[in-house]
Amino acid sequence: MSEISRGRCETHDGDVHVLRFVVDLPHPVPAVWAAVASPEGLPGWLCEADPLEPRLGGRVRLRWLNSDTEVSGLVTAWDPDYVAEYTVDPTTHGRIRFHLEPGSGGGGSTVLRFTNEFQGTRDYRLDCAAGWHEHLERLAAALDGRPTDWRDWSDERWRHLRGLYERDDEPWPKWEP
């Protein structure tokens with residue numbers, strides 16, 4: 001899998017989490033846009049989207065292909081080639097936002113700023129961090145011409161990432177001189 005930097009998470013009001021990733025992708029914005037904002041591109045790395053009405057206020061239903069998770073909601077931001085945001089039940093996946101910018105390499109690269117805002121426990125926050133991390137690795141692979149074959153999916157990579165996020169979340173030991 002591609003090297004994706006670990007996501008960062010802020011927690012507000014006890015159980016509202018905002019998870020963020022910044023991912024540099026060596027692919028042009030139109031290719032990344034097609035992967036994150038179209039029913040044809042999403043299954044190669046994340047989920048089926050049917051319907052996905054490509055407009056502000058459009059309906060969206062996302063069905064994950066590695067679990068029985070299915071969520072429905074609305075397109076809450078839509079700026080073609082730059083911003084796609086889907087808002088569903090806040091206790092499952094909440095607000096999912098993809099913000100694309102041309103990378104420093106000119107038109108051949110893209111910076112993806114990914115945000116997921118949701119409600120849940122600490123354990124659910126760690127689950128989501130590991131899950132989105134793995135899915136973003138799969139996005140990079142799909143853009144490289146290697147879409148995910150969900151029939152072969154296992155949770156081994158997710159469990160490894162979950163352990164890393166849990167380790168990073170532990171409090172630092174108190175130092176006493």
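Computed from a predicted model, the values in this text were never measured in an experiment.
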Count the heavy atoms belonging to other residues, nucleotides or ligands that lie under 6.0 Å from CZ of Arg59, then report whether that count exceeds 12. no
Contacts of Tyr124 meeting ring pair (Phe, Tyr, Trp, His ring centres under 6.0 Å) (sequence neighbours excluded), chain-then-number -> Phe118
The reported gap from CG in Leu52 to SG in Cys47 (rounded to nearest 0.5 angstrom) is 9.0 Å
Rounded to the nearest 0.5 Å, the CG atom of Leu25 sits from the CG atom of Leu136 at a distance of 8.5 Å
Residue pairs meeting salt bridge (Lys or Arg N to Asp or Glu O under 4.0 Å), one or both in residues 112-121, sequence neighbours left out, come to Arg95-Glu117, Glu101-Arg113
Across all chains, not counting sequence neighbours, the ring pair (Phe, Tyr, Trp, His ring centres under 6.0 Å) partners of Tyr165 are His133
Under 3.5 Å, is there a donor-acceptor pair between the Glu134 and Trp153 side chains? yes
(message) Is the distance between the ring centroids of Trp132 and Phe21 under 6.0 Å?
(response) no
Check: Do Glu85 and Thr76 have side-chain atoms, one donor and one acceptor, less than 3.5 Å apart?
Finding: yes
Sorted by chain and number, sequence neighbours left out, salt bridge (Lys or Arg N to Asp or Glu O under 4.0 Å) with Glu40 holds for none
Check: Thr121/Asp123 side-chain N/O donor and acceptor closer than 3.5 Å: no
Report task. Inspect the surroundings of CZ in Arg122 and state if more than 12 heavy atoms from other residues, nucleotides or ligands are less than 6.0 Å away. Result -> yes
By salt bridge (Lys or Arg N to Asp or Glu O under 4.0 Å), Glu156 pairs with (sequence neighbours left out) none
Nearest heavy-atom contact between Ser109 and Ser104 is OG-N, 4.0 Å
### Query
Are any side-chain N or O atoms of Asp127 and backbone N or O atoms of Arg162, one a donor and one an acceptor, separated by less than 3.5 Å?
no
Apart from Val22 itself, members of its ILVMFWY cluster (side-chain separation under 4.5 Å) are Val111
Test of ring centre spacing under 6.0 Å for Trp158 and His135 = no
Contacts of Trp78 meeting ring pair (Phe, Tyr, Trp, His ring centres under 6.0 Å) (sequence neighbours excluded), chain-then-number -> Trp33
In terms of heavy-atom contacts, Val23 and Ile4 come closest through CG1-CD1, 3.6 Å
Hits for side-chain contact (heavy atoms from CB on, under 4.5 Å) against Val83, two or more places apart or cross-chain, chain-then-number order -> Ala77, Asp79, Arg97, His99
So the salt bridge (Lys or Arg N to Asp or Glu O under 4.0 Å) pairs with at least one residue in residues 10-29 (sequence neighbours excluded) are Glu10-Arg20
So OG1 of Thr115 and CG of Leu19: to nearest 0.5 Å the spacing works out to 8.5 Å
TODO: Cation-pi check, Arg146 to Trp45: give yes when NZ or CZ is under 6.0 Å from the six-membered ring centre and within 45° of the ring axis, no otherwise.
DONE: no
Interatomic distance, CG@Asp155 vs CG@Asn66, rounded to 0.5 Å, equals 9.5 Å
Notebook entry, point to check: Okay, side chain of Thr148, backbone of Trp150: is any donor-acceptor separation there less than 3.5 Å?
Noted result: no
Salt bridge (Lys or Arg N to Asp or Glu O under 4.0 Å) filter on Arg63, not counting sequence neighbours, yields Glu48
Nearest heavy-atom contact between Ala31 and Leu143 is O-CD2, 3.6 Å
side-chain contact (heavy atoms from CB on, under 4.5 Å) filter on Asp50, not counting sequence neighbours, yields Arg61
Give a yes or no answer on whether the side chain of His17 reaches the backbone of Gly120 with a donor-acceptor pair at less than 3.5 Å. yes
CG of Leu42 to CG of Leu65, rounded to nearest 0.5 Å, is 9.5 Å
Sorted by chain and number, sequence neighbours left out, salt bridge (Lys or Arg N to Asp or Glu O under 4.0 Å) with Asp68 holds for none
